[in-house]
Trainee: 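For reference, the structure I am asking about is given below.
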Amino acid sequence: MLLSDKTIREEIGTGSIVIKPFFDECVQPASIDVHLDNKFLVFNKAKHSVIDVKKKTNDLMKEVAITDDEPFILHPGEFVLGSTLEWIKLPNHISGRIEGKSSLGRIGLLIHSTAGYVDAGWQGNLTLELSNVSPLPITLYYKMKIGQISFLRMTTEVLNPYGSEKLKSHYQGQKKPSQSKFHEEFEVL
């Protein structure tokens with residue numbers, strides 16, 4: 001069941017869903033608008049010519065930060081990682097979906113490729129997979145509205161929430177964009 005604005009406010013009021021900072025005016029009929037933080041991860045193309053998903057590469061991406069007044073310019077065809085300004089914590093009976101803002105989608109900005117799902121038990125800032133599919137550069141600003149998160153009540157509380165020892169969750173508690181840890185999947189095998 002998708003949560004309405006009334007239920008979202010109730011869940012935040014009881015502390016079941018935690019969003020910091022929380023802006024009441026950002027609550028939409030069935031979602032909450034989230035904002036862009038000021039740190040980005042860009043590919044370090046000078047050091048890498050290929051991405052080997054089996055290998056750990058700490059320097060595959062490098063961090064770029066912007067200030068309040070300067071934009072990050074996302075060029076056509078470019079892909080970078082960003083994150084939400086908001087730190088989000090979900091209980092074991094609610095999951096979420098992050099989606100882009102319609103107005104930004106209409107200019108060619110995508111905020112996730114495949115990682116739009118937020119598991120029950122999640123806590124941290126969400127990493128955004130930012131892509132520009134327009135023919136022109138797009139400016140991104142610190143604290144601009146970048147997307148919206150909706151919430152779904154699950155039929156039961158999950159047995160193994162995100163972050164539990166059994167799942168070995170990769171990104172629990174992240175505070176800024178995090179590069180892929182897919183290589184860890186091969187370590188398990």
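Everything numeric in this text was worked out from a predicted model, so none of it was measured. The first residue of the sequence shown is numbered 1, and numbering continues consecutively from there.
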Trainee: Could you go step by step and tell me if N92 and M154 meet the side chain to side chain contact (heavy atoms under 4.5 Å, CB included) rule?
Mentor: CA-CA 9 Å; N92 295 346; M154 304 180 75; over 6 Å; no
Trainee: So, the side chain of E129 versus the backbone of S113: is there a donor-acceptor pair under 3.5 Å, distance only?
Mentor: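 Yes, E129 side chain to S113 backbone: donor-acceptor pair under 3.5 Å.
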Trainee: Could you state whether L104 and L110 fall into the same hydrophobic cluster, counting links through intermediate Ile, Leu, Val, Met, Phe, Trp or Tyr residues with side-chain heavy atoms under 4.5 angstrom apart?
Mentor: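 Per the 4.5 Å side-chain linkage, L104 and L110 are not co-clustered.
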Trainee: Search all heavy atoms of K145 against all heavy atoms of C26 and return the closest pair with its distance.
Mentor: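 Heavy-atom minimum between the residues: CE-SG, 4.0 Å.
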Trainee: For a side chain to side chain contact (heavy atoms under 4.5 Å, CB included) with L140, tell me which candidate from L74, I73, L128 qualifies.
Mentor: L74
Trainee: Let's go through R9 and E11 carefully: what are the C-alpha distance in whole Å and the side-chain angles of both, what is the deciding distance for salt bridge (Lys or Arg N to Asp or Glu O under 4.0 Å) to 0.1 Å, and is it a yes or a no?
Mentor: CA-CA 6 Å; R9 283 189 174 97; E11 294 290 342; over 6 Å; no
Trainee: How many angstroms lie between atom CD of E86 and atom CG of L126, to the nearest 0.5 angstrom?
Mentor: 9.0 Å
Trainee: Quick one, L85 and K143 - any side-chain contact, counting heavy atoms below 4.5 Å?
Mentor: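 Yes, at least one pair of side-chain atoms sits under 4.5 Å.
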Trainee: Going by the ring pair (Phe, Tyr, Trp, His ring centres under 6.0 Å) test, which pairs reach into residues 80-138, not counting sequence neighbours?
Mentor: W122-Y162
Trainee: With a 4.5 Å heavy-atom cut-off, do I88 and L90 have their side chains touching?
Mentor: yes
Trainee: Just so I know, are the side chains of K176 and Q174 near enough to count as touching, which here means a heavy-atom distance under 4.5 Å?
Mentor: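 In short, these two side chains do not touch, never coming nearer than 4.5 Å.
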Trainee: Taking all heavy atoms of Y142 and all of L36, pick out the closest pair and write down the distance.
Mentor: CD1-O, 3.6 Å
Trainee: Any idea which heavy atoms bring L81 and S178 closest together, and the distance?
Mentor: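 Taking L81 first and S178 second, the nearest heavy atoms are CD1-O, 3.5 Å.
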Trainee: Can you find a heavy atom in the side chain of V158 that is under 4.5 Å from one in the side chain of D119?
Mentor: no
Trainee: I want to check something: taking the side chain as every heavy atom from C-beta on, are P29 and S4 in contact at a cut-off of under 4.5 Å?
Mentor: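 No; the side chains remain at least 4.5 Å from each other.
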Trainee: CD1/I19 to CD1/I32 distance, rounded to the nearest 0.5 angstrom?
Mentor: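 Reported to 0.5 Å precision, the distance equals 3.5 Å.
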Trainee: Look at the side chain of E70 and the backbone N and O of T67, then say whether any donor-acceptor pair between them is shorter than 3.5 Å.
Mentor: yes
Trainee: Would you compute the distance between atom CD1 of I66 and atom CZ of F72 and round it to the nearest 0.5 angstrom?
Mentor: 8.0 Å
Trainee: With sequence neighbours left out, write down each residue that passes side chain to side chain donor-acceptor pair (under 3.5 Å) with D52, or none if nothing qualifies.
Mentor: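 Testing D52 for side chain to side chain donor-acceptor pair (under 3.5 Å), a comparison that skips the adjacent residues, returns none.
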Trainee: Where do F40 and D37 come nearest, in terms of heavy atoms and distance?
Mentor: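 Smallest heavy-atom distance, with atoms named: CZ-O, 4.1 Å.
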Trainee: Do I146 and V42 share a hydrophobic cluster, counting only Ile, Leu, Val, Met, Phe, Trp and Tyr and linking them when any side-chain heavy atoms are less than 4.5 Å apart?
Mentor: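 Same hydrophobic cluster.
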Trainee: So, N132 versus S134: side-chain donor-acceptor pair below 3.5 Å or not?
Mentor: yes
Trainee: Atom OG of S150 and atom CG of L3: how far apart are they, to the nearest 0.5 Å?
Mentor: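 Rounded to the nearest 0.5 Å, the OG-CG separation comes out at 8.5 Å.
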Trainee: Roughly how far, to the nearest 0.5 Å, is OG1 of T84 from CD1 of I149?
Mentor: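 Rounded to the nearest 0.5 Å, the CD1-OG1 separation comes out at 8.0 Å.
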Trainee: Give, for atom NZ of K55 and atom CG of L60, the distance between the pair rounded to the nearest 0.5 Å.
Mentor: 12.5 Å
Trainee: When clusters are formed by joining ILVMFWY residues with side-chain heavy atoms under 4.5 Å apart, either directly or through shared neighbours, do F22 and I8 land in the same one?
Mentor: yes
Trainee: I111 versus L130: any side-chain heavy-atom pair under 4.5 Å?
Mentor: yes
Trainee: Within the side chain of Q148, is there an N or O that forms a donor-acceptor pair under 3.5 Å with the backbone of I98?
Mentor: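 Here the side-chain-to-backbone pair does not exist.
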Trainee: Check step by step if side chain to side chain contact (heavy atoms under 4.5 Å, CB included) holds for V80 and M61.
Mentor: CA-CA 9 Å; V80 301; M61 303 183 94; 5.8 Å; no
Trainee: Closer than 3.5 angstrom, by distance alone: can the side chain of S31 be matched with the main-chain N or O of Q28 as a donor-acceptor pair?
Mentor: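 Between the backbone of Q28 and the side chain of S31 there is no qualifying donor-acceptor contact (under 3.5 Å).
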Trainee: Do F23 and H35 have ring centres separated by under 6.0 Å?
Mentor: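 Yes.
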Trainee: With distance as the sole test, does E78 use its side chain to make a donor-acceptor pair with the main-chain N or O of H75 at under 3.5 Å?
Mentor: yes
Trainee: If you draw a 6.0 Å radius around NZ in K89, do more than 12 non-hydrogen atoms from other residues or ligands fall strictly inside?
Mentor: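 Atom NZ in K89 is not packed in, count stays at 12 or less.
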Trainee: Might you work through the side chain to side chain contact (heavy atoms under 4.5 Å, CB included) test for L152 and M1, ending with a clear yes or no?
Mentor: CA-CA 5 Å; L152 302 128; M1 173 179 16; over 6 Å; no
Trainee: Strictly distance-based, threshold 3.5 Å: is any side-chain N or O of Q172 a donor or acceptor partner for the main-chain N or O of G121?
Mentor: yes
Trainee: Contact between K62 and K47 at the side-chain level, heavy atoms closer than 4.5 Å - yes or no?
Mentor: no
Trainee: Indicate the atoms forming the closest heavy-atom contact of P91 with S16, along with that distance.
Mentor: CD-O, 3.1 Å
Trainee: Examine distances only and state if a side-chain atom of S83 and a backbone atom of N125 form a donor-acceptor pair shorter than 3.5 Å.
Mentor: no
Trainee: Can you find a heavy atom in the side chain of I17 that is under 4.5 Å from one in the side chain of F151?
Mentor: yes
Trainee: Taking all atoms of both residues into account, what is the closest heavy-atom pair of T139 and M144, and its distance?
Mentor: O-SD, 4.5 Å
